[in-house]
Structures are given as structure tokens and as C-alpha cells.
Trainee: 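Shown below is the structure under consideration.
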Amino acid sequence: MVSQLPPAPAPAPAPPKFPQPAPTTIFTIGDDLLLEIFVRLPSLPSLVRAAFACRAFLHAVRSFPTFRPRFRDLHPPPLLGLFVRHRVGDIPSFVPLRGLADPDQSAVVRGSDFFLTRVPDDQGFWNVTNLRDGYLLLHNWEHRLFAAYSPLAGVLHRIPAPPEAVRELYILSPPEERHGSFRLVCVQEDGLQVRAVVFSSDTGEWQVLPWAEAAAINKNHPEDDKHCLPPRTGKLVDGRIYWTRHDYVIVLDTATLQFSSMDLPPYMYGQKPFVVGETKDDKLCMVCAIDEEDTIAVWVWRADADRVEKWMLDKEVEVEDLSTLKLVAVKQGFVHLHWMAVEEPGIVPLCDFFSLCLEKEEMKNIFSLYEYELEWSYPYIMPWPSSLVIKIS
């Protein structure tokens with residue numbers, strides 16, 4: 001008798017099929033999360049390299065105006081080095097900031113023209129008259145030539161000579177903005193009167209403004225003082241140029257091209273020359289070294305409890321030996337200064353360059369130079385690239 005086996009069980013139903021999730025990549029991250037990643041990059045050069053990796057990254061950085069101030073709040077301004085002007089020499093020399101831990105910042109220095117090879121070398125001596133937004137403003141005194149040069153972009157803008165002898169050249173707009181348009185402002189002084197001379201790249205012409213009398217700028221101008229502007233003290237901050245005298249401050253509004261004056265901070269009459277600049281949050285500030293107290297005083301122009309704007313003491317930073325200290329510049333909340341060692345016969349003096357963070361009150365030694373003929377120094381800070389702000393059509 002043949003035994004019968006039970007029928008085989010029916011196969012189990014197949015599990016339902018769900019679509020496989022798309023892989024998550026950097027390109028699928030929203031702009032908000034992408035900017036949270038970018039704001040944690042170590043420096044501005046790193047951000048530039050990341051932003052230009054693809055169009056989506058560049059769009060994210062450009063499209064959010066609040067990203068730039070937030071990034072600046074978290075990162076110090078990238079100091080790339082120092083341009084040094086000598087009493088002897090035909091062109092300024094550049095001293096790079098060495099020992100950088102950030103490879104992207106080092107790559108910026110290596111890939112830029114800080115040797116100024118595109119500046120004509122057959123036309124005599126070139127002097128740095130100002131440095132702003134990454135552009136060196138150069139003046140050839142022998143041939144009355146002017147030029148604006150960007151070592152980062154390798155772009156040279158030749159500027160025709162003004163109709164009058166002028167001094168202290170200031171650039172008001174970087175040449176990349178407004179499709180290459182920019183303005184330059186110079187000043188001309190004749191004893192107790194001063195006037196502005198303005199160049200527009202749109203017209204290629206200079207405009208000479210009317211004279212302003214010292215007594216009209218400040219009614220308390222001393223009668224025995226036969227000069228109006230102190231030499232080489234002008235600083236451009238937020239569209240205004242400030243010249244600090246020992247008794248008051250002369251101001252030129254570059255929008256209206258009108259001169260005015262403002263008082264010095266309290267108790268600062270007759271102190272060492274001030275340096276005007278901006279704090280980390282772009283407020284007007286004034287820094288002065290006070291020998292008697294071995295301190296660097298920082299005054300900020302802001303409103304008091306009654307909403308009256310005036311100079312207010314922000315802080316005093318104690319330092320040692322101010323006798324050979326020279327304040328160079330105040331940029332984005334950092335005071336750049338140097339100490340020159342006392343000269344001895346037969347010994348090359350040593351000059352130490354420092355950077356003082358006003359927010360943290362921290363002093364950092366940047367580098368030292370053995371220098372016989374150091375005349376002026378200009379800290380070169382990498383500007384925020386306009387390509388990260390302006391949408392190119």
C-alpha cells in the first residue's frame with residue numbers, strides 16, 4: 001500500500017517592496033545646513049575654496065546676507081602679511097606671515113602676486129599711499145603716476161595724474177564693485193585751507209572741489225597754527241576720512257565731500273597721535289598709547305543712555321614700555337603695532353610686529369624684522385571677495 005504525503009505548504013507571500021531611499025550627498029543638503037557647515041570652516045580662504053567647488057555652494061554663500069557678518073564674528077580677519085615701505089628702494093616689499101597652520105591661507109600667499117611683478121618697474125620709485133579692500137594705492141612721485149593694484153587678482157588700474165599736486169590717496173570702492181567703477185579721493189592743502197580732489201573711473205576725470213578754510217572747519221583752530229591737516233594721519237572708516245590733530249579731529253565725508261570737525265575723546269588733549277579705525281562690529285574707534293600709564297586706551301563713538309553720540313572709553317589695555325611703540329592701524333577690531341628696538345652703534349635694530357585683539361585683549365607677536373630703513377608698514381588683510389557678494393549675470 002502506497003502511503004500518501006501531505007501536500008506541500010503554500011509559499012509565504014513575498015514582503016512588500018519599498019522604494020530604496022536616495023543616497024544622501026552634500027548636494028542634497030539644504031542651504032541652511034550647508035551654511036552651518038561653512039561657518040565652521042577655519043578661515044576665509046577655506047570658505048572661498050569651498051564656495052567655488054560648485055554652483056550650489058556659491059549660491060548658498062551669496063544668497064544669505066546674514067552669513068557674512070556671522071562668519072566675520074567667528075573668524076579673525078585673515079592677515080596675510082605686511083607691506084613695508086623703505087626710505088631706500090624702488091618698490092614696497094612684502095613680508096608674509098609665516099608658520100600658518102591653515103594651508104588654504106598659505107596657498108593664497110603663494111598664489112598671489114605680492115612681489116608686484118605687474119607694476120611697471122621702468123618708471124622710477126613707487127610708494128604705497130594707502131591700502132584698502134585688498135588694493136594697494138601706489139604713487140610714483142617722480143612721474144606723477146597713480147595706480148591701484150590687487151596682488152590677489154593681479155589687476156592693475158592706471159590712474160591719470162590729478163590737475164594739482166595732492167597727497168594721501170584713498171580708494172572709496174573696490175574696482176570689482178559696480179562693474180568695475182570706483183572713486184579715489186585725494187586732498188590738497190595750502191596753509192590754512194584744504195580741499196578734496198576726486199577721481200571717477202566712470203568719467204576718467206578728476207574733479208577739484210572748492211577750498212575749505214580751517215576756521216570754517218573748526219572755529220577754535222589755533223591762530224598760531226599755520227597748517228590744517230597733519231601729515232599721514234588720515235584713516236578711511238565707513239565712508240569718512242579722519243585726520244587726528246593734537247587738539248581736534250578733521251573729518252571729510254566722502255559722500256558729500258564736505259569737511260567738518262569733531263572733538264577728541266575726554267582728557268586726551270595733547271597725547272600721542274591717535275589711530276582711527278573700526279571695531280569688530282564696524283563702530284568708529286580711536287586708539288591712543290598713554291606713556292604715563294603704560295596703557296593703550298580704546299575709545300568708541302556711540303550713543304550714551306540719553307542717545308547722544310560721543311566718545312566713550314571702551315577699555316584700557318596694559319602693555320609694557322610704550323617709548324618705542326608705534327600704532328600702525330586698527331582694522332576689524334585688531335590693533336596692529338610695532339616696537340622698534342633702541343638703536344645701538346654697529347647693531348641693526350630689531351623691529352617686532354604685534355597684533356592686539358581688542359575683544360579678547362590678547363597680544364600676539366606676528367614676526368620680527370632686522371630693519372635699518374623701515375619707514376612705514378601696511379598690514380595686508382584679505383578682503384571679503386566681491387564674487388561672494390555680487391551675483392554675476
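Being a predicted model, the structure only gives us computed values, none of them experimental. Along the sequence shown, residues carry numbers from 1.
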Trainee: Within a strict 4.5 Å, meaning less than it, do heavy atoms of the Phe146 and Leu184 side chains meet?
Mentor: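 Sidechains of Leu184 and Phe146: no contact.
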Trainee: Should the heavy atoms of other residues, nucleotides or ligands under 6.0 Å from CG of Asp263 be counted, would the total exceed 12?
Mentor: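 Not buried by this count: 12 neighbours or fewer within 6.0 Å.
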Trainee: Is a donor on one side and an acceptor on the other found under 3.5 Å between the side chain of Arg62 and the backbone of Ser387?
Mentor: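 Flag set: sc Arg62 to bb Ser387 pair under 3.5 Å.
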Trainee: Show, in sequence, the C-alpha distance, side-chain angles and deciding distance for Ile217 and Val194, and conclude whether the side chain to side chain contact (heavy atoms under 4.5 Å, CB included) test is met.
Mentor: CA-CA 10 Å; Ile217 297 174; Val194 62; 3.7 Å; yes
Trainee: Please indicate whether Phe52 has more than 12 foreign heavy atoms, meaning atoms of other residues, nucleotides or ligands, lying under 6.0 Å from its CZ.
Mentor: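 Atom CZ in Phe52 is crowded, with more than 12 foreign heavy atoms closer than 6.0 Å.
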Trainee: Measure from the side-chain N and O atoms of Tyr170 to the backbone N and O of Leu236, and report whether any donor-acceptor pair falls under 3.5 Å.
Mentor: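 No, because the side chain of Tyr170 does not come within donor-acceptor range (under 3.5 Å) of the backbone of Leu236.
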Trainee: So which heavy atom on Val185 is nearest to which on Ile241, and how close?
Mentor: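 The answer is CG1-CD1, 4.1 Å.
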Trainee: If you group Ile, Leu, Val, Met, Phe, Trp and Tyr by side-chain heavy-atom gaps below 4.5 Å, do Val39 and Leu34 land in one group?
Mentor: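 Linked, Val39 and Leu34 end up in one cluster.
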Trainee: Quick check: closest heavy atoms across Cys285 and Thr279, and the distance to 0.1 Å?
Mentor: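 Taking Cys285 first and Thr279 second, the nearest heavy atoms are CB-CG2, 3.7 Å.
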Trainee: For Lys280, I'd like to know if atom NZ has over 12 heavy atoms of other residues, nucleotides or ligands within 6.0 Å.
Mentor: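 Correct, the count exceeds 12.
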Trainee: Could you walk me through whether Tyr149 and Arg118 pass the side chain to side chain contact (heavy atoms under 4.5 Å, CB included) check?
Mentor: CA-CA 9 Å; Tyr149 185 63; Arg118 292 179 175 85; 3.6 Å; yes
Trainee: Under a 3.5 Å distance rule, please check whether Thr254 uses its side chain to pair with a backbone N or O of Gly239 as donor and acceptor.
Mentor: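 Flag set: sc Thr254 to bb Gly239 pair under 3.5 Å.
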Trainee: Determine whether a donor-acceptor pair (N or O, by modelled atom type, separation under 3.5 Å) exists between the side chain of Gln105 and the backbone of Leu79.
Mentor: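 Yes: the side chain of Gln105 pairs with the backbone of Leu79.
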Trainee: Taking Lys364's backbone N and O only, do any of them form a donor-acceptor pair with Ser355's side chain (distance below 3.5 Å, no angle check)?
Mentor: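 Checking the backbone N and O of Lys364 against the side chain of Ser355, no donor-acceptor pair under 3.5 Å is found.
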Trainee: Minimum heavy-atom separation for Ser112 to Val108, with atom names?
Mentor: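 Between these two residues, the closest heavy atoms are OG-O, 2.6 Å.
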Trainee: Just wondering, are more than 12 heavy atoms of other shown residues or ligands nearer than 6.0 Å to CG in Asp238?
Mentor: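 Open: at most 12 neighbouring heavy atoms sit under 6.0 Å from CG of Asp238.
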Trainee: Can you check side chain to side chain contact (heavy atoms under 4.5 Å, CB included) on His221 and Arg245, steps first, answer last?
Mentor: CA-CA 11 Å; His221 185 88; Arg245 294 169 45 92; 3.5 Å; yes
Trainee: Please answer whether the main-chain N or O of Pro120 pairs with a side-chain N or O of Trp126 as donor and acceptor at a distance below 3.5 Å.
Mentor: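 Looks like yes, one N/O pair under 3.5 Å.
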Trainee: Could you walk me through whether Arg72 and Asp282 pass the salt bridge (Lys or Arg N to Asp or Glu O under 4.0 Å) test, one step at a time?
Mentor: CA-CA 11 Å; Arg72 284 185 55 185; Asp282 295 326; 3.3 Å; yes
Trainee: Mind checking whether Leu229 and Leu257 sit in one hydrophobic cluster, side chains of I, L, V, M, F, W, Y counted as touching below 4.5 Å?
Mentor: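 Yes, same cluster.
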Trainee: Please check if the side chain of Trp299 supplies one atom and the backbone of Cys288 the other of a donor-acceptor pair under 3.5 Å.
Mentor: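 Flag not set: sc Trp299 to bb Cys288 has no pair under 3.5 Å.
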Trainee: Heavy atoms, side chains only, cut-off 4.5 Å: are Leu58 and Leu388 in contact?
Mentor: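 Yes - at least one pair of side-chain heavy atoms lies under 4.5 Å apart.
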Trainee: Side-chain contact test, heavy atoms from C-beta onward, threshold under 4.5 Å: evaluate it for Leu116 versus Pro151 and give yes or no.
Mentor: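 Yes, side chains in contact.
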Trainee: With Phe114, which residues qualify under ring pair (Phe, Tyr, Trp, His ring centres under 6.0 Å), at least two apart?
Mentor: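 Partners of Phe114 under the ring pair (Phe, Tyr, Trp, His ring centres under 6.0 Å) test: Phe94, Tyr380.
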Trainee: Check whether any side-chain heavy atom of Val328 sits under 4.5 Å from a side-chain heavy atom of Val275, and report yes or no.
Mentor: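 When only atoms from C-beta onward are counted, Val275 and Val328 do not touch, as no gap falls below 4.5 Å.
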Trainee: Same cluster for Trp211 and Leu209 if Ile/Leu/Val/Met/Phe/Trp/Tyr side chains link at under 4.5 Å?
Mentor: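 They do not share one cluster, since no chain of ILVMFWY contacts under 4.5 Å joins Trp211 to Leu209.
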Trainee: Between atom OG1 of Thr129 and atom NE2 of His139, what is the distance when rounded to the nearest 0.5 Å?
Mentor: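 Atom-to-atom, Thr129:OG1 and His139:NE2 are 7.5 Å apart.
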Trainee: Does any part of the side chain of Ile296, heavy atoms only, come nearer than 4.5 Å to the side chain of Leu337, both counted from C-beta?
Mentor: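 A side-chain contact under 4.5 Å exists here.
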Trainee: One pair to check against side chain to side chain contact (heavy atoms under 4.5 Å, CB included): Phe353 and Leu82. What are the steps and the verdict?
Mentor: CA-CA 9 Å; Phe353 293 82; Leu82 199 74; 3.0 Å; yes
Trainee: Which heavy-atom pair separates Phe199 from Gly204 by the least distance, and what is that distance?
Mentor: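 In this case the closest contact between Phe199 and Gly204 is CE1-C, 3.4 Å.
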Trainee: Suppose we call two aromatic rings close when their centres sit under 6.0 Å apart. Are Phe57 and Phe38 close by that rule?
Mentor: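 Centroid separation for Phe57 and Phe38: below 6.0 Å.
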Trainee: Keeping the roles fixed (side chain from His59, backbone from Arg55), state whether a donor-acceptor pair exists under 3.5 Å.
Mentor: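 The answer is no, because no donor-acceptor pair under 3.5 Å joins these two groups.
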Trainee: With clusters defined by side-chain heavy atoms of hydrophobic residues (ILVMFWY) lying less than 4.5 Å apart, directly or transitively, does Leu313 cluster with Met262?
Mentor: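 Shared cluster, yes.
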Trainee: Work out which heavy atom in Pro45 is nearest to a heavy atom in Met382; give both atom names and the distance.
Mentor: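 So the minimum-distance heavy-atom pair works out to CG-SD, 3.6 Å.
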Trainee: Please tell me if the side chains of Ile159 and Ser201 come closer than 4.5 Å, counting only heavy atoms from C-beta onward.
Mentor: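 No, side chains not in contact.
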Trainee: Hey, are Arg302 and Asp314 close enough for a salt bridge, meaning a charged N less than 4.0 Å from a carboxylate O?
Mentor: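 Here Arg302 pairs with Asp314 in a salt bridge, since their nearest N and O are under 4.0 Å apart.
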Trainee: Group every Ile, Leu, Val, Met, Phe, Trp and Tyr by side-chain heavy-atom contacts under 4.5 Å, then state whether Ile290 and Val249 land in the same group.
Mentor: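 Ile290 clusters together with Val249.
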Trainee: What heavy-atom pair brings Leu41 and Ser46 nearest, and what distance separates the two atoms?
Mentor: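 Looking at all heavy atoms of both residues, the shortest contact is CD1-O, 3.8 Å.
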Trainee: Does the Ser150 side chain pair with the main chain of Val155, one donor and one acceptor, at a distance under 3.5 Å?
Mentor: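 No, because the side chain of Ser150 does not come within donor-acceptor range (under 3.5 Å) of the backbone of Val155.
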Trainee: Answer whether the closest heavy-atom distance between the side chains of Phe259 and Cys228 falls below 4.5 Å.
Mentor: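 Not in contact.
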Trainee: Output the distance between atom OH (Tyr378) and atom CZ (Arg132), rounded to the nearest 0.5 Å.
Mentor: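 Here the rounded value is 15.0 Å.
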Trainee: Within the distance-only criterion (no hydrogens, no angle test), does the side chain of Glu278 pair as donor or acceptor with the backbone N or O of Gln332 below 3.5 angstrom?
Mentor: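 Yes; at least one donor-acceptor contact below 3.5 Å.
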Trainee: Do Trp384 and Phe71 come within less than 4.5 Å of each other through their side chains, counting heavy atoms only?
Mentor: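 With C-beta onward as the side chain, the pair touches.
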Trainee: Distance check, rounded to the nearest 0.5 Å: Asp247 atom CG versus Thr244 atom OG1?
Mentor: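 If we round to the nearest 0.5 Å, Asp247:CG and Thr244:OG1 are 10.5 Å apart.
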